[in-house]
Amino acid sequence: MKAALDVLRRLADGKVIEPFDAQLAGVVVRRGCRTRTGEETADQPLAGDQALAIALAAAFACRACGDGHSAISVAELGGQALEAQTRMPGALPPNHDYDRADWWTELLRGATCVSDGRAPAPLVLRDGLVQLWRYFKAEERIARRVHEMLRAGGAAPAFEIITGGPGTGKTTYIADKLKQMVVADTARTALAAPTGKAATRLTETLRQRLGEVQLPLKASTIHRLLGTSKRTTTFTHNEENHLAEDFVIVDEASMVDVLLMDALLRAMKPGARLMLVGDQHQLSSVGAGDLLGELCREAKDEGPGSPLFLSVTWLTRSWRFEERPGIGALAKGILAGDGDAVLAACADSAAPYVQLQVPPRNPEAILEPVLPHLRKCLEADSPAALLDALGAFRLLAPEREERLGVSGINAAVERWLEGQGRAVRQDLWYHGRPVLVTENNYALGVFNGDLGVVWRDDDGVAVYFPAEGGATRKVSRARLPRVETAWAMTVHKAQGSEFNEVLVVFPEYESRLLSRELLYTAVTRARQSVTIFAGEGAIRSAVGRSTGRTSGLAGRLREVGG
């Protein structure tokens with residue numbers, strides 16, 4: 001056992017795995033793990049190859065969750081062990097069959113801390129996948145509840161998925177559903193979204209769509225709907241204290257992770273209905289799992305006629321991109337993984353609003369296309385005018401750090417501002433600074449992802465945020481939760497938002513964050529034009545790489561569905 005723990009320590013010291021991954025794996029190896037022999041269990045701690053295999057499997061499974069996967073395949077265990085050997089020669093014992101799946105399987109199955117899912121254990125080995133027990137049980141419960149709702153049937157579907165790209169009418173679909181329910185007064189309904197920004201945007205958009213029909217409710221975050229407890233990490237509403245609502249609609253469902261969806265389903269009362277709305281092709285949740293994408297892929301695999309397939313409404317016509325077909329062609333090429341089609345869309349003279357530009361040597365060169373917008377920001381005579389100017393464009397980057405990351409681009413904008421006479425270096429809270437909220441504050445009604453602007457006048461310094469009807473609301477700087485400068489933002493932070501013009505800036509190096517889903521999410525934030533700063537090779541690499549997440553949900557759905 002000591003040798004296995006030493007391996008974990010070396011891998012953590014060498015930053016191959018995170019300290020938390022090593023700590024969790026160490027706990028698994030130390031506590032309650034014994035060797036299993038047939039039907040009998042030998043009363044002895046793990047040792048040798050078995051201790052090593054358990055330690056690595058637990059560490060890599062934990063790391064996989066941090067990377068967005070709810071499971072890791074046995075084959076990938078071997079791949080990660082070999083990668084660790086390459087990065088840190090000598091960290092792992094040599095002359096082991098790390099590349100053989102049966103080596104892992106035999107050793108894992110022979111320990112009491114690994115089960116097939118029918119009995120509690122720290123690790124689950126099933127269908128060639130290794131999972132932490134928490135994620136296995138969450139996916140099992142999700143699958144069971146989804147099929148319960150599918151079987152419920154009735155006049156109104158108990159489970160629905162509405163999926164489509166930008167401008168395909170997802171919000172209009174929700175609005176039509178709400179109109180029917182308001183007229184019929186048939187069900188208590190909750191509107192929810194994974195972030196405060198998405199919830200606010202859903203409320204505002206629905207009010208516009210509903211017209212004379214008054215929206216009887218306001219969207220909230222899923223966390224707020226479930227009720228967060230200050231004293232514990234659990235939710236107020238759960239399987240013992242159900243939500244009162246008969247119908248729950250979740251927008252931007254691609255951003256909902258496995259554990260949050262499990263918590264929502266456990267809190268919904270028997271017989272309640274659920275509608276998930278989102279774009280299955282967008283970036284997945286920050287947390288583990290690709291819930292919406294997995295459900296949609298499984299529906300297609302089951303085929304027409306299956307209950308899950310029939311529960312999905314596939315919206316394919318983009319009204320927005322009919323006015324800008326070049327952006328539509330670009331998005332289509334990205335989703336198809338067709339680098340030639342993507343490059344052709346960028347070079348199409350009939351669509352000058354889609355451009356691919358050579359990466360600049362310095363961040364200042366990136367600003368050229370958005371200088372008119374930046375000047376409008378400088379000329380703004382009110383917080384509302386400044387927010388309007390900012391909403392017209394957005395600089396997006398996959399990475400947060402480095403010269404061509406969010407921090408580097410923000411610094412480049414601030415250097416330009418100084419050249420225009422704006423006193424940036426003298427005060428972090430300079431006039432006109434756009435700030436992005438990075439944590440929720442329900443008392444203030446300010447949420448993670450909200451964009452505000454710093455405004456200085458005779459009354460002092462405050463931050464203004466958009467309000468209903470084009471108005472603004474003022475928040476004291478002292479009361480604000482954590483914020484960051486937001487001339488540029490990550491693609492993840494831009495999910496659920498739309499801008500007239502979008503600039504996407506690739507990093508100067510090969511980044512593991514670059515993928516088909518990230519590029520698709522970035523370019524589809526644009527209403528009118530999109531410019532990508534990247535080389536052709538980087539574009540082909542990104543389009544050819546999918547962030548496909550490893551999950552056990554499909555297996556659980558098939559088991560429960562028979």
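Worth knowing before you read on, the calculation uses all heavy atoms, side chains too, and leaves out hydrogens, waters and symmetry mates.
Between the side chain of K170 and the backbone N or O of T163 there is no donor-acceptor pair closer than 3.5 Å. Without hydrogens or angle criteria, N241 side chain to T236 main chain gives a donor-acceptor distance under 3.5 Å. With N410 contributing its side chain and T485 its backbone, the two residues share a donor-acceptor pair below 3.5 Å. Looking at D246, its side chain does come within 3.5 Å of a backbone N or O of R188 through a donor-acceptor pair. The backbone N or O of G278 sits nowhere less than 3.5 Å from a side-chain atom of S254 that would complete a donor-acceptor pair. Without hydrogens or angle criteria, R266 side chain to E240 main chain gives no donor-acceptor distance under 3.5 Å. Proximity of a side-chain donor or acceptor of R394 to a complementary backbone N or O of A494 within less than 3.5 Å is not detected. The backbone N or O of R456 sits less than 3.5 Å from a side-chain atom of H431, completing a donor-acceptor pair. In this structure a side-chain-to-backbone donor-acceptor pair under 3.5 Å is present from R516 to V543. With hydrogens and angles ignored, the 3.5 Å screen pairs no side-chain donor or acceptor of T205 with any backbone N or O of L202.
Nearest heavy-atom pair, A488 versus V406, reported as atom, atom and distance to 0.1 Å: O-CG1, 3.4 Å. Nearest heavy atom pair, residue V505 against residue P398, reads O-CD, 3.1 Å. Taking both residues in full, the closest heavy atoms of C296 and I161 are given as SG-CG2, 4.0 Å, listed atom of the first, atom of the second, then distance. Residues A351 and G326 approach most closely at CB-CA, 3.9 Å, considering heavy atoms. Between A526 and F321, the closest heavy-atom pair is O-CE2, 3.8 Å. When all heavy atoms of M149 and A158 are compared, the closest pair comes out as O-CB, 3.2 Å.
Rounding to the nearest 0.5 Å places CG of D450 at 6.0 Å from CZ of F465. Going from atom CD1 of I327 over to atom NZ of K332 covers 16.0 Å, rounded to the nearest 0.5 Å. Between atom CG of residue D279 and atom CD1 of residue I162 there is a gap of 13.0 Å, rounded to the nearest 0.5 Å. Distance check: Q280 CD to L292 CG gives 6.5 Å after rounding to the nearest 0.5 Å. For the atom pair CG of D67 and CD of E18, the computed distance is 9.0 Å after rounding to the nearest 0.5 Å. In this structure, CG on L395 lies 10.0 Å from CE on M489, to the nearest 0.5 angstrom.
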Evaluate L225 against F235 for side chain to side chain contact (heavy atoms under 4.5 Å, CB included), listing each step before the verdict. CA-CA 9 Å; L225 176 66; F235 292 109; over 6 Å; no
Criterion side chain to side chain contact (heavy atoms under 4.5 Å, CB included) on L553 and Y135, from CA distance to verdict: CA-CA 10 Å; L553 181 59; Y135 288 92; over 6 Å; no
Worked verdict on F159 versus V312 for side chain to side chain contact (heavy atoms under 4.5 Å, CB included): CA-CA 9 Å; F159 179 74; V312 182; over 6 Å; no
T531 vs V502, test: side chain to side chain contact (heavy atoms under 4.5 Å, CB included). Steps then yes/no. CA-CA 6 Å; T531 301; V502 167; over 6 Å; no
Start with the C-alpha distance between R527 and E501, add both sets of side-chain angles, then the distance that settles salt bridge (charged side-chain N to carboxylate O under 4.0 Å, His left out), and finish with yes or no. CA-CA 7 Å; R527 297 190 193 97; E501 298 183 30; over 6 Å; no
Step-by-step salt bridge (charged side-chain N to carboxylate O under 4.0 Å, His left out) determination, R525 to E498: CA-CA 5 Å; R525 299 310 90 206; E498 298 173 0; 6.0 Å; no
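Here the side chains of P194 and T221 are not in contact, with every heavy-atom distance at 4.5 Å or above. The shortest distance between side-chain heavy atoms of C377 and F393 falls below 4.5 Å. Contact annotation: the side chain of F247 never approaches that of L191 to less than 4.5 Å [non-hydrogen atoms, C-beta and beyond]. In this structure, Q355 and F533 have side chains that are not in contact, with every pair of non-hydrogen atoms separated by 4.5 Å or more. With a 4.5 Å cut-off on side-chain heavy atoms, F506 and P359 do not count as touching. Looking at V370 and L503, their side chains come closer than 4.5 Å, going by heavy atoms from C-beta outward. Side-chain contact check for L451 versus V435: every heavy-atom pair is 4.5 Å or farther apart. The shortest distance between side-chain heavy atoms of V250 and V256 falls below 4.5 Å.
Under a 4.0 Å N-O distance rule, the pair E364/R415 qualifies as a salt bridge. Between E294 and R297 a salt bridge is recorded (basic side-chain N to carboxylate O distance below 4.0 Å). Remark: D388 does not engage K376 in a salt bridge, criterion side-chain N to carboxylate O under 4.0 Å.
More than 12 heavy atoms of other residues, nucleotides or ligands sit less than 6.0 Å from atom CD of E439. Under a cut-off of 6.0 angstrom, the local environment of CZ in R134 is sparse, with at most 12 non-hydrogen atoms contributed by other residues, nucleotides or ligands.
Using a 3.5 Å distance cut-off with no hydrogens or angles, the side chains of T189 and E245 do not pair a donor with an acceptor. Checking E402 against S407 by side-chain atom types alone, no donor-acceptor pair falls below 3.5 Å. With hydrogens and angles left out, the side-chain atoms of E252 and T195 include no donor and acceptor closer than 3.5 Å. Counted by atom type alone, T438 and R482 present zero donor-acceptor pairs between their side chains at under 3.5 Å.
The only option from R400, R433, K493 that meets the salt bridge (charged side-chain N to carboxylate O under 4.0 Å, His left out) definition with E484 turns out to be R400. When each of I334, V491, L335 is tested with L519 by the rule side-chain contact (heavy atoms from CB on, under 4.5 Å), just one qualifies, namely I334.
Ring geometry for H281 against Y520 counts as perpendicular: the plane angle is over 60°, on a 0 to 90° scale with 30° as the lower cut.
For the pair R324 and Y353, the cation-pi test (distance below 6.0 Å, angle within 45°) is passed.
Evaluation of the side chain to side chain contact (heavy atoms under 4.5 Å, CB included) rule for A344 yields no partner, not counting sequence neighbours.
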